[in-house]
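What follows is a single structure, written as structure tokens, with notes after it.
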Amino acid sequence: MTELLQQLINGLSLGAIYALIALGYTMVYGVLRFINFAHSDVFMIGSYVGFYLAPKLGAGSVLGGLAVLFSAMAACALLGVIIEKLAYKPLRNRSTLTVLITAIGVSLLLQNGGQKLFGPNPRAFPKLFPETQLHFGELTVSSNQLIVLAVSIFLLVMLWWIVHRTRIGTAMRALSFNATAASLVGINNDAVISFTFALGSALAGAGGILYAMNYPSIDPLMGTLPGLKAFVAAVLGGIGNLPGAALGGLLIGLVETFISGTRASTFRDAIAFAILILILLFRPAGLLGKMRVEKV
Amino acid sequence: MLEVKNLTVNYGAITALHDVSLRVEAGTIVTLIGGNGAGKTTTLRAISGMVKPKAGQILYEGRDITGVPPHKLVGQGLAHSPEGRMVFANLTVLENLRMGAYLQRDKAVIARELEFVYATFPRLQERAAQLAGTLSGGEQQMLAIGRALMSQPKCLLLDEPSLGIAPLLVKSIFEKIVELNRTRGLTILLVEQNANLALQVSSYGYVLETGRVILAGEAASLRADPKVREAYLGG
């Protein structure tokens, strides 16, 4: 029983990170109908921004840790907007395949640029927050896990609020449903697309920080696997569907953690892709994906 | 208010509009009639910037707006209620209407316009919290017009308001259109399959055929024209 609860907490804190990344995939898909494969590398950049800023912003205290987190989010938001402006916007009226291949190109650029700039070797990620272990009976929860959960929940609520309660969020939903009609009511579609990239990339940046806090070794290729799993999470929930992406992320995190705890632990990375194959075979629209879903 | 001069629009190798010219005086309802594929919708799309014309000029209130993208025209008082209605099915009726006033930052103005739209189409107020995708065709048409009205247009491009709607509702929607024109002085360029109805509410009309204006005149004289009667009014 204790072990089950323990795994549940581990799984949720991993899944929350996948959820944050998956939301970026699904939001960009909502407005532009393509998978931004460079998203996982924005996640990696988020970790490196944290790595370099941690000593300067007084990491190790709660305020310092939060400063690093928000700086990484801001830097990634900016990076996302720049990537969109330089790489994707010129291709606005081209086929999705062209944009998709460009996204892979941007991903390779960030990975190899990262190896050049940061060096190819793994680096130890500094401590951002004061760390303790909390014991509840036989249950052990690290403070970092709680921070991951708290920050993720906060960001998910913020995102929900932006998408559903603000003018620009409503414009995102309108644009994702019908871009032509959106421009006819006066929405500047390019501005909303930029905003979407900023939002999604900021979440990826947060994911990068939270991931590095729990798996404290970072390298320029670190985005690939979590990125792919988050992509699977987005498809699992129903691509374009925001609650779906959050749900998919949590499920992938849980399944992966429970598999790790069994004798089949070497399959923990493969399980996400097995889920992808199953979902594509049996429910290609995803768990929450219907015709009439809310898309962003 | 609106003037189109020698407009030519191509879709790839196909010429959709050929040398089309028309005028819409302020405060009037002008209609474009013609069969399927005559170029009526394309004319509206070119005016609101959804398609780029190959040649020709579009003047709105004396300004050249040729090739200006749609989102920049809404703020100038030129609204387009498009073919197929294009309501945001994933948003509620109220959210759709608020999106219609996207460029309006003054909450008091938005509230006033919302009240006006609700007064015009009380059905929309009853359905305010419902997703637009769950509305009937007629209600969606009201919503499309209401959404366009939220931007406080001086000139409304209205595409096929009668399409796929029960006859009784068509009549009531057309009454609203005339009312908007009379009470608000709203200038309307109306595209309509139902030529009889369109000519009844308009003061001037243009007949399009395969991308060309083949006939133009006072609505009353078009209704009396034997060629128009035979081709579009059912004899």
Side-chain angles (χ1 to χ4, degrees), chain A residues 26-27 29-33 89-90 92-95 160-196 237-245 285-286 288-296, chain B residues 41 44-45 47-52 68-92 94-105 107 110 130-135 140 143-153 156-159:
Chain A
T26 227
M27 274 195 283
Y29 182 87
V31 294
L32 288 180
R33 299 287 185 275
K89 191 171 170 226
R92 196 70 93 228
N93 296 316
R94 305 295 183 81
S95 79
W160 184 90
W161 183 80
I162 289 172
V163 168
H164 285 269
R165 287 289 180 268
T166 68
R167 176 173 167 270
I168 186 112
T170 313
M172 281 168 68
R173 286 184 289 146
L175 169 61
S176 82
F177 187 78
N178 189 329
T180 305
S183 66
L184 285 180
V185 298
I187 293 171
N188 181 349
N189 288 358
D190 285 335
V192 175
I193 289 168
S194 279
F195 180 77
T196 307
I239 191 83
N241 182 301
L242 290 185
L288 302 186
K290 286 186 221 109
M291 283 313 285
R292 218 195 73 237
V293 290
E294 207 157 53
K295 289 178 297 182
V296 154
Chain B
T41 293
L44 295 195
R45 285 163 162 262
I47 294 171
S48 69
M50 285 161 69
V51 294
K52 290 241 183 315
V68 175
H71 71 269
K72 294 205 171 135
L73 291 174
V74 185
Q76 300 183 29
L78 183 64
H80 184 173
S81 171
E83 184 187 37
R85 307 185 278 263
M86 292 195 192
V87 298
F88 302 119
N90 59 333
L91 306 191
T92 66
L94 179 59
E95 285 174 333
N96 266 275
L97 292 173
R98 287 193 180 283
M99 280 291 104
Y102 185 74
L103 298 176
Q104 179 57 258
R105 295 292 200 153
K107 284 188 176 152
I110 296 175
Q130 222 167 296
L131 287 181
T134 65
L135 299 182
Q140 288 193 12
L143 181 56
I145 297 174
R147 186 179 64 185
L149 290 177
M150 288 298 290
S151 68
Q152 297 179 277
L156 174 64
L157 310 175
L158 186 52
D159 201 339

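Convention: sequence-line order gives letters A, B, ...; per-chain numbering from 1. What's counted below: heavy atoms across the whole structure, side chains too, no hydrogens, waters or symmetry copies. Bear in mind that the values here come from a model prediction, so they are computed numbers and not experimental data.
In this structure, CE on B/Met99 lies 4.5 Å from OG1 on A/Thr170, to the nearest 0.5 angstrom. Note that OG of A/Ser183 is 10.0 Å distant from CG of B/Leu73, once rounded to the nearest 0.5 Å.
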Go through the steps for A/Thr180 and B/Met50 under the test side chain to side chain contact (heavy atoms under 4.5 Å, CB included), then give the verdict.
CA-CA 8 Å; A/Thr180 305; B/Met50 285 161 69; 3.3 Å; yes

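Within 6.0 Å of CZ in A/Arg167 there are more than 12 heavy atoms belonging to other residues, nucleotides or ligands.
Closest approach of B/Glu95 and A/His164 over heavy atoms only: OE2-O, 4.2 Å. Minimum interatomic distance between A/Asn178 and B/Phe88 (heavy atoms only, all atoms of both residues): O-CE2, 3.8 Å. What you find for B/Leu103 and A/Gly186 is that their closest heavy atoms are CD2-O, 3.4 Å. Contact detail for B/Val87 and A/Phe177: the closest heavy-atom pair is O-CE2, 3.4 Å.
Residue B/Pro70 forms a side-chain contact (heavy atoms from CB on, under 4.5 Å) with just one option from A/Ile187, A/Val185, A/Leu184, and that option is A/Leu184.
Residue B/Arg45: no heavy atom, backbone or side chain, is found under 4.5 Å from chain A.
In this structure, the side chains of A/Asn189 and B/Pro69 stay at 4.5 Å or more apart for every pair of heavy atoms.
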